[in-house]
Amino acid sequence: MSKYNTEAIRAIALVGHGASGKTSLAEALLFATGAIPAKGSVERGSTVCDFDAQEREGGHSLNSAIVNFAHEGTHIHLIDTPGYPDFSGQAIAALAGVDTALIVINAQNGVELMTERMMRYAAERRLCRMIVINKIDADNLDLPGLVADIRERFGRQCMLLDLPAHGAADVVEVLEHDAGDADFESVAAAHRALIDQIVEEDEDLLAQYLEDGADPSITALHAPFEKALREGHLIPIMFVSARTGAGIKELLHVLSSLAPNPAEGNPPSFYKGEPGGATDAFHAVPEAGRHVLAHVFKVVADPYLGKIGVFRVHQGTLRKDMQLFVGDGKRPFKVGHLYQLQGKDPQEVDELLPGDIGAIAKVDEIEFDCVLHDSHDEDHIHLVPLEFPRPMAGLAVETRKKGDEQRLFDILGKLAVEDPTFIVERHPTSNETVIRGLGEIHLKSKLEKMAAQYKLEVNTRPPTIPYRETITAAAEGIHRHKKQSGGAGQFGEVHLRIEPKGRGEGIEFVDAVKGGVIPGVFMAAVEKGVRQGLEGGVVAGYAVDDLKVTVFDGKTHPVDGKEVAFVTAGRKAVIEAVRAARPIVLEPIVSVEIIVPEASIGDLTGDLSSRRGHITGTDGRGHGMSAITGEVPLAEISDYQSRLKSLTGGQGSYTIEFARYAAVPPNVQQQLAGKFQLREDDE
């Protein structure tokens, strides 16, 4: 039996920008609760959470890591996440496993790129949010200015829950104290503002507060405090130094007494049905006696334990030796071993309660984002998908040794299983295997892992840009395929109409044939041919997208009507229609944020403009650095690191994120079409 119940569980993710001290903070919390005998160091590579060899060598997190500890009668699951934008997929995925996001801010650097992104992602998932300002022991800080900046960016609901005191040697809590010494602000004023914000969530409590003027008890404040967190009306701000331990005791008290348990946080967004079809909202109830429902938010390909699925239990009690189903799978698997994770160390347990984070190993059917359950009643339950940034940075890879091709695909498959923002593409037209991630550092880490862990070296080169084609007008296409060669022939005729659709709406195929002129048995063949024709491109050899194809007429033959004939007729009819529909080539446009020294802003903005870029703004980041934001065609910035290094003396960095597809300029379309024509002529 568990030593705690669901009401005593807290599930928390440490998120925020790189170098904000999340891993060191996790280490300080583990040490303060007696979970580890001594604090490790990121610099020495001795922390519980950064256990991967690449993490220890690089001095920063690449993957999320789960740890557990107990404090004040609660059991706390803590997920330490990477902070650099290239590894944000791991941080975003962790949000599906927790009730509270603890956004960690470096007191020296202030609000940074991933601070803003993770605040937004956590709000979209309706998580309770708290802010922790770390490294308050550093020199030359402007903490009042930082608090003002936080409120300007995220709202006045960002309220002080404690304040640094005695030169940041410790902190003073302001919810239960209305007086005391602080390094800035007034404890009394912070206390009064916080109480005023909380009591507004409860009309009866507010009325009593206004009538007698006395502070409500902490017990009376608990429910409205939780409500304010759930509704986003309160985002507490706390101060710590993971290095000195200042504020760690107070933070632990907040996590134990004020962070929501699984029943107090906003419920996860499950639905019943299948994507694209009719669905109904499904409410998981965090009660131990119900059917089991758990969601896998992380998958690890471990060289010793095989595939490990890390999950959050949302309903029911998951026990060792019970049988579970994966999604709508009909065959159950037996839970041979059940684990909780302490960094790299799996700790075997007999059961997991609603709210617990656990792991199962050696179950090949488990995939990222799947749902585990113990009854076919839950076959078609899914969690509303997380929104991940689209991987746009790419490299074409090929093996250095002949015969290693299959091994390459196997290894890339394992890497893709672990990371929702790392994808592998195979392009038959260019004969390229392309890996895509969130940035150059992201892809570099994958190549290093392939070399170190799997002993596979590859050659890389810039990949072909993923252009697309679409149409700008409606048109019709007709093709009759007729082939006679002595015996039974082939015959199929297709009449179709195409119309443009909005960007990102994909391909819609409609069967509008009447009277059986194309028998229903051949309509799948027509659709197959249509999609083949669109995949091959018409203008420049890139897939045609965002259009509606309606097949409205055709002919067959009682003897010669065959599937292959309708595949050919569908393919050639749609190619004819696209050629008549004023086709254009689309290129991927990416949002870019470039961090540069302030002295380099002029050079960078000029360089981006010369690359058909559009600057949307600049923003000071402190310490002589600024952020330039804008949009640029991917073709102009796909290999920008060397240019950026030259313009900034090696001090610049950038991140890209897919924004949209847009029409290429006419001269670029002519160049791409010319290359396609030459390729067709050669063939």
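These numbers come from a predicted model, not from an experiment.
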Handout entry: Basic-acidic side-chain contact under 4.0 Å: Asp546, Lys501
Key = no

Exercise for the section: With sequence neighbours excluded, tell me which residues meet side-chain hydrogen bond (donor to acceptor under 3.5 Å, both in side chains) with Glu124. Expected result: none

Practice task
Would you confirm whether the ring centroid of His60 sits within less than 6.0 angstrom of the ring centroid of Tyr84?
Solution key: yes

Practice task
Could you list the residues that satisfy ring-ring contact (aromatic ring centres under 6.0 Å, His included) with Phe282, not counting sequence neighbours?
Solution key: none

Handout entry: Counterpart residues, side-chain hydrogen bond (donor to acceptor under 3.5 Å, both in side chains), relative to Lys548 (two or more places apart)
Key = none

Problem - Atom pair CG (Asp410) and CG (Leu415), whose distance is rounded to the nearest 0.5 Å - result: 11.0 Å

Exercise for the section: Supply the atom-to-atom distance Glu448 CD to Leu62 CG, rounded to the nearest 0.5 angstrom. Expected result: 8.5 Å

Exercise for the section: Could you verify whether a donor N or O on one side chain and an acceptor N or O on the other, from Arg426 and Thr433, lie under 3.5 Å apart? Expected result: yes

Handout entry: With sequence neighbours excluded, residues passing salt bridge (charged side-chain N to carboxylate O under 4.0 Å, His left out) with Glu287
Key = Arg290

Exercise for the section: State, with a plain yes or no, whether a side-chain heavy atom of His295 is found less than 4.5 Å away from one of His314. Expected result: yes

Practice task
Determine the sole option in Leu29, Val48, Val67, Thr47 for which the side chain to side chain contact (heavy atoms under 4.5 Å, CB included) test with Ile36 is passed.
Solution key: Val48

Practice task
Only counting residues at least two apart or in another chain, list the ones meeting side-chain hydrogen bond (donor to acceptor under 3.5 Å, both in side chains) with Thr6.
Solution key: none

Practice task
With sequence neighbours excluded, tell me which residues meet side chain to side chain contact (heavy atoms under 4.5 Å, CB included) with Phe388.
Solution key: Ile92, Ala93, Phe368, Leu386, Pro420, Thr421

Exercise for the section: Please name all residues satisfying side-chain hydrogen bond (donor to acceptor under 3.5 Å, both in side chains) with Arg660, sequence neighbours left out, ordered by chain then number. Expected result: Glu631

Completion exercise
Taken in chain and number order and not counting sequence neighbours, the residues that satisfy salt bridge (charged side-chain N to carboxylate O under 4.0 Å, His left out) with Arg129 are none

Practice task
Report the residues that fulfil salt bridge (charged side-chain N to carboxylate O under 4.0 Å, His left out) with Lys449, sequence neighbours left out, ordered by chain and then residue number.
Solution key: Glu418

Exercise for the section: Among residues two or more places apart or on two chains, list those pairs meeting salt bridge (charged side-chain N to carboxylate O under 4.0 Å, His left out) that have a residue in residues 324-345. Expected result: Lys330-Asp379

Handout entry: Exercise: do Glu72 and His253 side chains pair donor with acceptor under 3.5 Å
Key = yes

Problem - Basic-acidic side-chain contact under 4.0 Å: Glu657, Arg117 - result: yes

Handout entry: Donor-acceptor side-chain pairing of Gln315 and His291 below 3.5 angstrom
Key = no

Exercise for the section: Verify whether one side chain among Thr23 and Ser61 offers a donor that lies under 3.5 Å from an acceptor in the other. Expected result: yes

Completion exercise
For Arg125, the salt bridge (charged side-chain N to carboxylate O under 4.0 Å, His left out) test, sequence neighbours excluded, returns none

Problem - Ring centers of His77, His75 separated by less than 6.0 Å - result: yes

Handout entry: Near-ring test His373/Phe325, centroid separation under 6.0 angstrom
Key = yes

Problem - Pairs involving residues 257-284, ordered by first then second residue, that meet salt bridge (charged side-chain N to carboxylate O under 4.0 Å, His left out) (sequence neighbours left out) - result: none

Problem - Point-to-point distance, once rounded to the nearest 0.5 Å, from CD1 of Ile235 to CD1 of Ile103 - result: 7.0 Å

Practice task
Run the salt-bridge test on Lys227 and Glu231 with the 4.0 Å N-O cut-off and return the result as yes or no.
Solution key: no

Practice task
Consider only side-chain N and O atoms of His442 and Asp419, and report whether a donor and an acceptor are under 3.5 Å apart.
Solution key: yes

